[in-house]
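Everything quoted here is computed from the prediction, not taken from an experiment. Chain letters run A, B, ... following the sequence lines, proteins first, then strands; residues in each count from 1.
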Number of protein chains: 2
Amino acid sequence: MEAITHSRGDTFPIGELSRLTGVNIETIRYYERIGMLPAPPRSEGGRRVYDHHHTRVLAFIRRGRELGFTLDEIKALLALGGPERAPCGDVREIAARHLDDIRAKIADLRKLERLLGQTIDRCEGGTAPECPVLDILSPEPRRRA
Amino acid sequence: MEAITHSRGDTFPIGELSRLTGVNIETIRYYERIGMLPAPPRSEGGRRVYDHHHTRVLAFIRRGRELGFTLDEIKALLALGGPERAPCGDVREIAARHLDDIRAKIADLRKLERLLGQTIDRCEGGTAPECPVLDILSPEPRRRA
DNA sequence: CGTGCATCCTGTAGTGACTACAGGAGCAAG
DNA sequence: CTTGCTCCTGTAGTCACTACAGGATGCACG
């Protein structure tokens with residue numbers, strides 16, 4: 001029940017970084033492997049030693065993923081938001097393109113929702129001679145059989 | 001410009017099945033490998049020989065994928081819609097669960113759309129001191145820095 | 001009958017974004 | 001010193017494909 005004491009100076013191991021950010025340990029190592037997250041220094045025993053810089057970057061990545069950005073997009077955003085932080089227009093462009101994708105996906109899903117919802121409702125009524133769900137899936141409307 | 005003549009009896013090779021259903025050749029072979037599509041008989045030379053039964057099954061799979069069903073769900077639907085075609089309730093359940101998934105995904109995306117849209121708009125006005133898109137991504141609102 | 005070339009075959013590996021081990025090493029408390 | 005947790009590397013699996021490489025087949029045309 002004691003507070004966990006890290007080695008002095010705000011550094012901590014991977015498990016703590018995982019807890020702090022909500023990102024799976026395996027995923028953190030994966031991010032390092034693919035170059036999303038800078039490789040931290042190691043302890044004498046070879047363990048990764050993180051600090052709050054890593055927390056910030058990793059939380060940024062996590063948030064980006066939650067917002068549906070790909071890792072490549074996030075990598076680009078990280079680069080843009082880096083030390084320079086100059087080209088806000090570039091950032092806006094990535095985000096705007098992503099927003100278009102999201103809107104297209106929503107439109108697609110809405111169409112699906114309508115179709116599937118109506119079909120299931122017909123099924124619920126029990127008025128369908130054969131299963132209407134299978135019928136929207138079947139390419140052949142099996143008329144005159 | 002002549003109509004392509006298949007060997008008599010409504011059988012055709014994989015390329016034709018691909019054209020008929022709009023499913024990539026590689027994908028058809030993949031479906032066979034994972035047991036989604038029954039393996040067709042082969043010609044003397046070892047080529048796959050399909051007939052309209054395969055067309056129907058493959059088109060069913062394709063439609064299911066377009067509707068966002070997983071291959072496992074489609075496999076289940078195919079089994080349910082098979083020779084027996086009895087338990088319409090089971091079919092409805094799979095579809096209903098899938099509809100729930102779709103609705104949840106739509107809700108998620110809508111939230112995202114709002115957040116991202118508003119943020120980009122703020123950026124467009126040019127009134128933001130630093131890039132607002134990066135700011136929603138950043139976990140630390142950098143107040144008092 | 002030969003030739004060219006489109007189509008087909010198998011097998012393997014790559015994609016994106018992880019997740020799940022196996023098999024071992026380190027480390028701190030009791 | 002032992003227990004048990006955390007950590008390490010490396011590999012392989014997931015989902016639904018896609019993309020080759022390297023070779024065989026089949027068919028129309030000359």
Worksheet item: Roughly, in whole Å, what's the span from CZ in F12(A) to C1' in dC7(D)?
Response: 16 Å
Fill in: Nucleic acid contacts of residues 20-36 of chain A, taken as heavy-atom distances under 4.0 Å to DNA chain C
N24(A), E26(A), T27(A), Y30(A), Y31(A)
Discussion item. Output the rounded distance in Å from CD (E16(B)) to C1' (dG26(D)).
Written reply: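 Rounded to whole Å, this separation is 16 Å.
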Item to complete: State, with a plain yes or no, whether a side-chain heavy atom of I102(B) is found less than 4.5 Å away from one of H98(B).
Response: yes
Worksheet entry | Shortest non-hydrogen contact between I74(A) and R65(A), atoms and distance |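 In terms of heavy atoms, the two residues are closest at CD1-N, 3.6 Å.
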Discussion item. In whole Å, I'd like the distance from the CZ atom of R62(B) to the P atom of dC17(D).
Written reply: 11 Å
Worksheet item: R48(A) has an atom CZ; how far is it from atom P of dA25(C), in whole Å?
Response: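 For the pair R48(A) CZ and dA25(C) P, the rounded distance is 17 Å.
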Practice prompt. Ignoring backbone atoms, test whether S43(B) places a side-chain nitrogen or oxygen under 4.0 Å from the OP1 or OP2 oxygen of dG26(D).
Written response: yes
Worksheet item: Rounded to whole angstroms, how far apart are CG on L71(B) and P on dT14(D)?
Response: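 Rounding to the nearest Å, CG of L71(B) and P of dT14(D) are 14 Å apart.
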Item to complete: Compare all side-chain heavy atoms of Y50(A) with those of L20(A) and state whether any distance is below 4.5 angstrom.
Response: no
Response to the item:
When rounded to whole Å, the CZ to P distance for the pair R19(A) and dC7(D) reads 7 Å
Discussion item. Can you measure D72(B) atom CG to dC15(D) atom P for me and round it to whole angstrom units?
Written reply: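 Taking CG of D72(B) and P of dC15(D), I get 7 Å after rounding.
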Discussion item. Below the 4.0 Å mark, does dC8(C) have OP1 or OP2 next to a side-chain nitrogen or oxygen of R42(B)?
Written reply: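 Indeed not, no polar side-chain atom of R42(B) lies that close.
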Item to complete: Whole angstrom is fine here: how far is it from CD1 in I14(B) over to C1' in dA24(D)?
Response: 15 Å
Worksheet item: Would you say the side chain of L71(A) lies within less than 4.5 Å of the side chain of K75(A), judging by non-hydrogen atoms?
Response: no
Item to complete: Could you check if a side-chain atom of R48(A) sits within less than 4.5 angstrom of a side-chain atom of E32(A), using non-hydrogen atoms only?
Response: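 The answer is yes; the side chains approach within 4.5 Å.
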Worksheet item: Is there a side-chain contact between D108(A) and L112(A), using heavy atoms and a 4.5 Å cut-off?
Response: no
Discussion item. When you measure from the side-chain N and O atoms of R47(A) to the phosphate of dC27(C), is any distance below 4.0 Å, counting only OP1 and OP2?
Written reply: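 Result: no.
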Item to complete: Would you confirm whether R62(A), through its side chain, and T21(A), through its main-chain N or O, come within 3.5 Å as a donor-acceptor pair?
Response: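 Between the backbone of T21(A) and the side chain of R62(A) there is a qualifying donor-acceptor contact (under 3.5 Å).
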